[in-house]
Amino acid sequence: MDWNRVEGNWKQIKGKAKEQWGKLTDDDLDTIAGKREQLEGKIQERYGIERDRVRREIDEWYARLN
């Protein structure tokens with residue numbers, strides 16, 4: 001699955017994102033709307049971790065979706 005499919009199926013996938021990153025609010029998830037850069041930024045903001053680590057976490061999460 002490429003990231004465009006994540007964006008297209010965000011309503012179904014956002015629950016899995018909420019399980020992975022529980023500090024993200026429903027409003028955050030609605031604002032993100034499946035956009036990877038927005039997801040990276042919100043995770044970084046909520047958890048206070050560096051962008052490289054956020055990218056690795058998203059890559060690992062994304063791989064588990066497939």
Side-chain angles (χ1 to χ4, degrees):
M1 170 178 1
D2 65 20
W3 198 265
N4 289 328
R5 293 191 66 193
V6 170
E7 287 184 36
N9 295 312
W10 185 245
K11 287 184 180 181
Q12 293 81 23
I13 295 172
K14 71 180 180 179
K16 292 180 182 2
K18 178 81 169 180
E19 289 174 13
Q20 178 73 27
W21 298 286
K23 290 184 181 179
L24 295 179
T25 66
D26 290 334
D27 286 342
D28 290 340
L29 294 169
D30 290 341
T31 301
I32 290 165
K35 293 179 177 51
R36 182 176 173 126
E37 294 81 22
Q38 298 247 355
L39 179 59
E40 289 175 4
K42 283 294 180 185
I43 293 169
Q44 190 175 15
E45 178 184 319
R46 295 283 182 239
Y47 287 87
I49 54 179
E50 73 244 8
R51 186 162 294 269
D52 289 340
R53 181 174 164 201
V54 170
R55 287 182 177 159
R56 283 192 305 273
E57 285 187 14
I58 291 173
D59 288 342
E60 291 167 5
W61 173 77
Y62 177 73
R64 288 192 303 273
L65 289 178
N66 292 322

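Just so it is clear, the model here is predicted, and its values are computed rather than measured.
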Open item on the list: Treating Y47 as the side-chain partner and K23 as the backbone partner, does any N or O pair qualify as donor plus acceptor under 3.5 Å?
Closed with: yes
Task: With D27 via salt bridge (Lys or Arg N to Asp or Glu O under 4.0 Å) - residues at least two apart - done: none
Task: Side-chain (W10) to main-chain (L29) donor-acceptor, under 3.5 angstrom - done: yes
Open item on the list: If the threshold is 4.0 Å, N to carboxylate O, is there a salt bridge linking D30 and K14?
Closed with: yes
Open item on the list: So, taking the atom named CD in E60 and the one named CD in Q20, what distance separates them when rounded to the nearest 0.5 Å?
Closed with: 8.5 Å
Task: Any donor-acceptor N or O pair under 3.5 Å, side chains D28, T31 - done: no
Open item on the list: Under the side-chain contact (heavy atoms from CB on, under 4.5 Å) test against K42, which residue among T25, I32, V54 passes?
Closed with: I32
TODO: Measure the shortest side-chain to side-chain distance between R46 and W21 over non-hydrogen atoms and say whether it is less than 4.5 angstrom.
DONE: no
Open item on the list: Looking at R5, is its backbone amide N or carbonyl O close enough to the side chain of D2 to form a donor-acceptor pair, meaning the two atoms are under 3.5 Å apart?
Closed with: yes
- [ ] Give a yes or no answer on whether the side chain of K16 reaches the backbone of L65 with a donor-acceptor pair at less than 3.5 Å.
- [x] no
Open item on the list: I need the E37 CD to I58 CD1 distance, nearest 0.5 Å.
Closed with: 9.0 Å
Task: Gap separating the CZ atom of R55 from the CD1 atom of I43, nearest 0.5 angstrom - done: 12.0 Å
Task: Note: E57-R53 ion pair, threshold 4.0 Å (strictly below) - done: yes
Task: Rounded distance (nearest 0.5 Å) linking atom CG of N4 with atom CG of N9 - done: 11.0 Å
Open item on the list: Distance check, rounded to the nearest 0.5 Å: L39 atom CG versus W3 atom CH2?
Closed with: 5.5 Å
